[in-house]
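Have a look at the structure below, then the notes.
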Amino acid sequence: MTGINGTVRTEIQRTFDVYADADTAAVLATLPLSFRPATADRVPVRALSGSRGWVDAAAAAVQDGVVGLVVRHPAPADPADVLVLAELAGKHGTAVVLDSPWAGTPMAAQAAEALRGTVDADPASAIECRLTLPTDHDLGQALLDQLALLRVLGSPADEVRTHLRTERGVLATATVGGRTGLLGTVLTDALAPTASLRLIGAGRAVHLQIPSWRTARPAVLTVTSPDGSHTWPTHYESPQRAAWRRLHRLLSVSEAQGFEAAATADLHALAADLLTMGRATTHREGSP
């Protein structure tokens, strides 16, 4: 960056100590100027598992004085508790980032732009979101992950109705961004975990394919129109790494106006999706 009189000005990037397990430390090793793994738990930034009870663990960390938290794949929780956590984090100035395996795709911004373009061209379009997951995966968690993905793509879902549910999958409909939506999950060990989102209109279609978060394969975004098929440039980054980069951006502007809203935005979005889950209904055969 060039400063006054043509001199070179170097931006100073702050490095934060993080108390993290081995898996998280491996991600942080790719961001050496942003985070530094530490073995002591009295450090300003922490990584938490999103397993059952994560809200209480996060609240304890906030009260302990941490400035940043990354919660890995948060499990369903009481939305009221999540909102209390958001209020607590805002009061203490703690940034909380939720590391979601699908909604955390670094292709989210480009996909949201492509979806907006298709919706503007064809308001009557329909959307489908489908997950393929291992057989030991929880179907409630799968629905929450779908809602999170749709929200980050600018198409939040509401009025979820389950039409079919078995031990190996679920099929539901929803109102997604004001249009008809189809939500499906298949549990199988024969295929690799993937998320697929399609928006189909009369003359355009958008397809976002997100491979397993455990691989280095990038998401693929394809837009099809009367002019042909266009694949957007790929972005080689895992959702975990993207989440940590997002946290660093937040911590770097902690004194800026609007920081509290940005620092707790993930929690408010999660609470909204949990409320949507709580209002979900089951469609009975023969009912309208």
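These numbers were taken from a predicted model, which means no experiment stands behind them.
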Would you sort out whether Thr264 and Val96 count as a side chain to side chain contact (heavy atoms under 4.5 Å, CB included), showing the intermediate values? CA-CA 6 Å; Thr264 59; Val96 182; 5.8 Å; no
List the steps and the verdict of side chain to side chain contact (heavy atoms under 4.5 Å, CB included) for Val160 and Met277. CA-CA 7 Å; Val160 177; Met277 281 185 64; over 6 Å; no
Could you go step by step and tell me if Leu143 and Thr185 meet the side chain to side chain contact (heavy atoms under 4.5 Å, CB included) rule? CA-CA 8 Å; Leu143 175 58; Thr185 298; over 6 Å; no
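The aromatic rings of Trp213 and His73 sit perpendicular to each other, their planes meeting at more than 60°, with 30° as the lower class boundary.
Hydrophobic clustering of Ile, Leu, Val, Met, Phe, Trp and Tyr side chains at less than 4.5 Å, counting indirect connections, unites Leu31 with Leu247. Under the 4.5 Å side-chain heavy-atom criterion for ILVMFWY residues, a single connected hydrophobic cluster contains both Val119 and Trp232. A single hydrophobic cluster is not seen to contain both Leu150 and Ile200; linkage of ILVMFWY side chains at heavy-atom distances under 4.5 Å, directly or through other members, places them apart. Connection of Trp54 to Val84 is not established within any shared hydrophobic cluster, with ILVMFWY side chains joined at heavy-atom distances below 4.5 Å, either directly or through further cluster members. Cluster annotation: Leu139 and Leu183 are assigned to the same hydrophobic cluster (Ile/Leu/Val/Met/Phe/Trp/Tyr, side-chain heavy-atom contacts under 4.5 Å, transitive).
For the pair Ala219 and Leu208, the tightest heavy-atom approach, listed with the atom from each and the gap, is CB-CD1, 4.2 Å. Ala77 and Leu274 make their closest contact through O-CD1, 3.3 Å (heavy atoms, listed as atom of the first residue, atom of the second, distance). The two residues Ala157 and Leu147 make their nearest non-hydrogen contact at CB-CD2, 3.6 Å. Heavy atoms only, all atoms of each residue included: Leu153 and Ala111 are closest at CD2-CB, 3.7 Å. What you find for Gln146 and Cys129 is that their closest heavy atoms are NE2-O, 3.0 Å. Of all heavy-atom pairs spanning Ala58 and Leu85, the tightest one is CB-CD2, 3.8 Å.
Between the side chains of Asp158 and Thr175, no donor-acceptor pair is found at a separation under 3.5 Å. A donor and an acceptor atom, one from each side chain of His207 and Thr224, are nowhere located under 3.5 Å apart. Checking Thr282 against Arg165 by side-chain atom types alone, no donor-acceptor pair falls below 3.5 Å.
Going from atom CG of Leu133 over to atom OG1 of Thr194 covers 8.0 Å, rounded to the nearest 0.5 Å. Separating the CG atom in Asp78 from the CG atom in Leu83 is a distance of 9.0 Å, to the nearest 0.5 Å. The line from OG of Ser51 to CD of Gln141 is 10.5 Å long, rounded to the nearest 0.5 Å. Within the model, atoms CD of Glu87 and CG of Leu267 stand 12.0 Å from one another, a figure rounded to the nearest 0.5 Å. Atom CD in Gln209 sits 12.0 Å away from atom OG1 in Thr231 (nearest 0.5 Å). Of the inter-residue distances, the one linking Thr24 atom OG1 with Leu48 atom CG reads 9.5 Å to the nearest 0.5 angstrom.
Atom CZ of Arg241 has more than 12 neighbouring heavy atoms from other residues, nucleotides or ligands inside a 6.0 Å radius. More than 12 heavy atoms of other residues, nucleotides or ligands shown are found within 6.0 angstrom of CZ on Arg245. The local environment of CZ in Arg179 is crowded, with over 12 non-hydrogen atoms from other residues, nucleotides or ligands closer than 6.0 Å. The environment of Arg52 atom CZ is sparse: at most 12 non-hydrogen atoms of other residues, nucleotides or ligands sit within 6.0 angstrom.
Contact of the Arg246 side chain with the Asp266 side chain is registered, since non-hydrogen atoms from C-beta on lie closer than 4.5 Å. The side-chain heavy atoms of Leu221 and Val206, taken from C-beta on, include a pair separated by under 4.5 Å. In this structure, Asp64 and Arg46 have side chains that are in contact, with non-hydrogen atoms separated by less than 4.5 Å. Using a 4.5 Å cut-off on side-chain heavy atoms (C-beta onward), Arg168 and Thr135 make contact. Looking only at side-chain heavy atoms (C-beta outward), Leu171 and Leu182 come within less than 4.5 Å of each other. You'll find the side chain of Leu115 reaches within 4.5 Å of the side chain of Leu197, heavy atoms only. Arg72 has its side chain within reach of Ser49: a pair of non-hydrogen atoms, C-beta onward, lies under 4.5 Å apart. Here the side chains of Trp102 and Ile210 are in contact, with some heavy-atom distance below 4.5 Å.
Of the residues Val18, Asp17, Leu28, the one that meets the side chain to side chain contact (heavy atoms under 4.5 Å, CB included) test with Arg36 is Asp17.
Thr94 places a side-chain N or O within donor-acceptor distance of the main-chain N or O of Val66, the cut-off being under 3.5 Å. Side-chain atoms of Thr15 come within 3.5 Å of backbone N or O of Leu33 as a donor-acceptor pair. The backbone N or O of Ala114 lies less than 3.5 Å from a partner atom in the side chain of Thr118, making a donor-acceptor pair.
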